[in-house]
Amino acid sequence: MLKKKIIFLLGPTAIGKSAIAIKLAKKIKAEIISCDSMQVYRGMDILTSKVDSAQRKKIRHHLLDVIAPSQEYNVAKYRRDALLICNELFLKGKIPFFVGGTGLYYSIIIDGLFPKVSKDRSIRAKLNKALQLKGSRYLYKKLARVDAQAAKKIHPHDSRRIIRALEVYLKTGKPISVLQKSRVGLGDEYEINIFGLNLNRELLYKKIDQRVDKMFKLGLVNEVKRLVKYRLSKTAAQAIGIRELGGYFNGEYALEEARRLIQRNSRHYAKRQCSWFKNDKRIMWININKTQTSAQIALKLWKKLS
RNA sequence: GCCGAGAUAGCUCAGUGGUAGAGCGCGGCCCUGAAAAGGCCGGCGUGGGGGGUCCGAUUCCCUCUCUCGGCA
């Protein structure tokens, strides 16, 4: 029996994924599932460069605007939501087409998430308090005693991962390093095609800077002003642009400085994305050069699929 | 033309008679319930050119070039 097909299109921010994805989706009866940790929030349109409604009419997009920015969202919720949509699409005879740049999210879809150890507010509160009082080294030593393997992988300064590992241990009595081995991915069941878009670093940075300029022209400042009037969830508040414009709103620096910071932080982010994708050997790479249109690139991808 | 200040990393600059640092920038990497987050690593340099003093000069002296400011 023929395996069902799932497609991924990955790449750093501003490289042009969305336009290419829509063109490809039209050729193959696919619907797009956003693979982006920030585009799930309503009201963060300019900030996250979401595709507009005209484009969404061409091809249905999922997991955009699914929660309020006051709500928290995370990998586990994403996985649950995305897999649900995947199944719906299969029933409709459509191909699920994941498009985005959040490395953790796509890998969780493909490779799975170890089960059922959700975040625990009270345990985290305690651990965070210990972190403040005694520092990350104290927690790190604690972790090393119960889960040497995890400790080996985590840097002593990486307090977030130390806390999560301890949280899992305290909740289940099992080391996270053991649980992590029990992930169930999509691997064997489906035919998975992963495409990655690649662009020379200098050009990518230029595109990022230009995109940020465009965001300002489209009204980024007002959008963020509107957003921060309400309390943003911890996760939504992480979007690049919130903190940077916050400093401007507080009078810490001029608007131009906020722009500079947004551009720089976006470049750093893109670099981290590249580094994440680089060593996934399953990715089929497509090099972009500036003369190609998104239609041409979509055609190239389409040929590789058939 | 004269006077003064300066010329050190991609940028802004610090410092020292024993071949150099800081911030920013940049590069590399890690990643399993906060991931646009968080963490780690890396100085990336013919110290403006030439000459002199000295065991030794980026540091002291001379000279040239250039830049900036002031006076003409």
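Chain letters run A, B, ... following the sequence lines, proteins first and then strands; every chain starts at 1. Just so you know, these numbers come straight off a predicted model, no measurement behind them.
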So does A/Arg164 get a side-chain nitrogen or oxygen closer than 4.0 Å to the phosphate oxygens (OP1/OP2) of B/G33? yes
Please work out if A/Leu47 contacts a base, only the sugar-phosphate, or nothing of the nucleic acid, heavy-atom cut-off 4.0 Å. base
Please determine, by modelled atom types, if A/Ser233 and A/Tyr73 share a side-chain donor-acceptor pair under 3.5 angstrom. no
Contacts of A/Glu257 that satisfy salt bridge (charged side-chain N to carboxylate O under 4.0 Å, His left out) - sequence neighbours left out: A/Arg260
I want to verify a distance call: between B/A35, B/G38, B/C40, whose nearest atom is closest to the A/Arg272 side chain? B/G38
Nearest-angstrom distance, P atom, B/U16 to B/U53: 25 Å
For the side chain of A/Tyr269, counting heavy atoms from C-beta on, which of B/C24, B/A37, B/C30 is nearest? B/A37
Among B/C31, B/A34, B/A37, find the nucleotide with the atom closest to the side chain of A/Trp276. B/C31
Expressed as a whole number of Å, how far does the C1' atom of B/A20 sit from that of B/G56? 16 Å
Candidates B/G39, B/G28, B/G38 - which lies nearest the side chain of A/His155: B/G39
So which pairs with a foot in residues 6-19 of chain A pass side chain to side chain donor-acceptor pair (under 3.5 Å), sequence neighbours left out? none
Check this for me: A/Lys5, atom NZ, are more than 12 non-hydrogen atoms of other residues, nucleotides or ligands nearer than 6.0 Å? yes
For A/Tyr138, what are the other residues in its hydrophobic cluster, where any two members join if their side-chain heavy atoms are less than 4.5 angstrom apart? A/Ile123, A/Leu127, A/Leu131, A/Leu139, A/Tyr140, A/Leu143, A/Val146, A/Ile154, A/Ile162, A/Ile163, A/Leu166, A/Tyr169, A/Leu170
CG of A/Leu261 versus P of B/C24: gap in Å, rounded? 12 Å
Choose from B/A37, B/U32, B/A35 the nucleotide whose nearest atom is closest to any side-chain atom of A/Arg243. B/A37
Who passes side-chain contact (heavy atoms from CB on, under 4.5 Å) against A/Arg267, sequence neighbours left out? A/Tyr205, A/Ile208, A/Asp209, A/Gln263, A/Arg264
Same-atom distance (C1') from B/C54 to B/C62, integer angstrom: 16 Å
Could you check whether A/Asp111 gets within reach of a base, just the sugar-phosphate, or nothing at all, counting any heavy atom under 4.0 Å? nothing
Closest to the A/His268 side chain: B/U32, B/A35, B/C26? B/C26
Identify whether any heavy atom of A/Arg79 sits under 4.0 Å from a base atom; if not, whether one sits that close to sugar-phosphate; answer base, sugar-phosphate or nothing. nothing
May I ask you to say what A/Ser275 touches in the nucleic acid, namely base, sugar-phosphate or nothing, with a heavy-atom cut-off under 4.0 Å? base
Considering every strand and a 4.0 Å limit on heavy-atom distances, what is the contact class for A/Tyr205: base, sugar-phosphate, or nothing? sugar-phosphate
If you look at every strand shown and take non-hydrogen atoms under 4.0 Å, does A/Lys77 touch a base, only sugar-phosphate, or nothing? nothing
Under 4.0 Å, heavy atoms only, any strand: does A/Tyr78 hit a base, just the sugar-phosphate, or nothing? nothing
Once you apply a heavy-atom cut-off of 4.0 Å, does A/Ser107 come out as touching a base, just sugar-phosphate, or nothing? nothing
With the side chain defined as heavy atoms from C-beta on, A/His157 is closest, among B/G39, B/U32, B/A34, to B/G39
Each base of RNA chain B marked ( ) or [ ] if paired in-strand (Watson-Crick or G-U under 3.5 Å), | if paired to another strand and . if unpaired gives (((((((..((((....[..))))((((((.......))))).)...(((((..]....)))))))))))).
Apply side-chain contact (heavy atoms from CB on, under 4.5 Å) to A/Val66 and list each qualifying residue two or more places apart in sequence or on a separate chain. A/Val40, A/Leu63
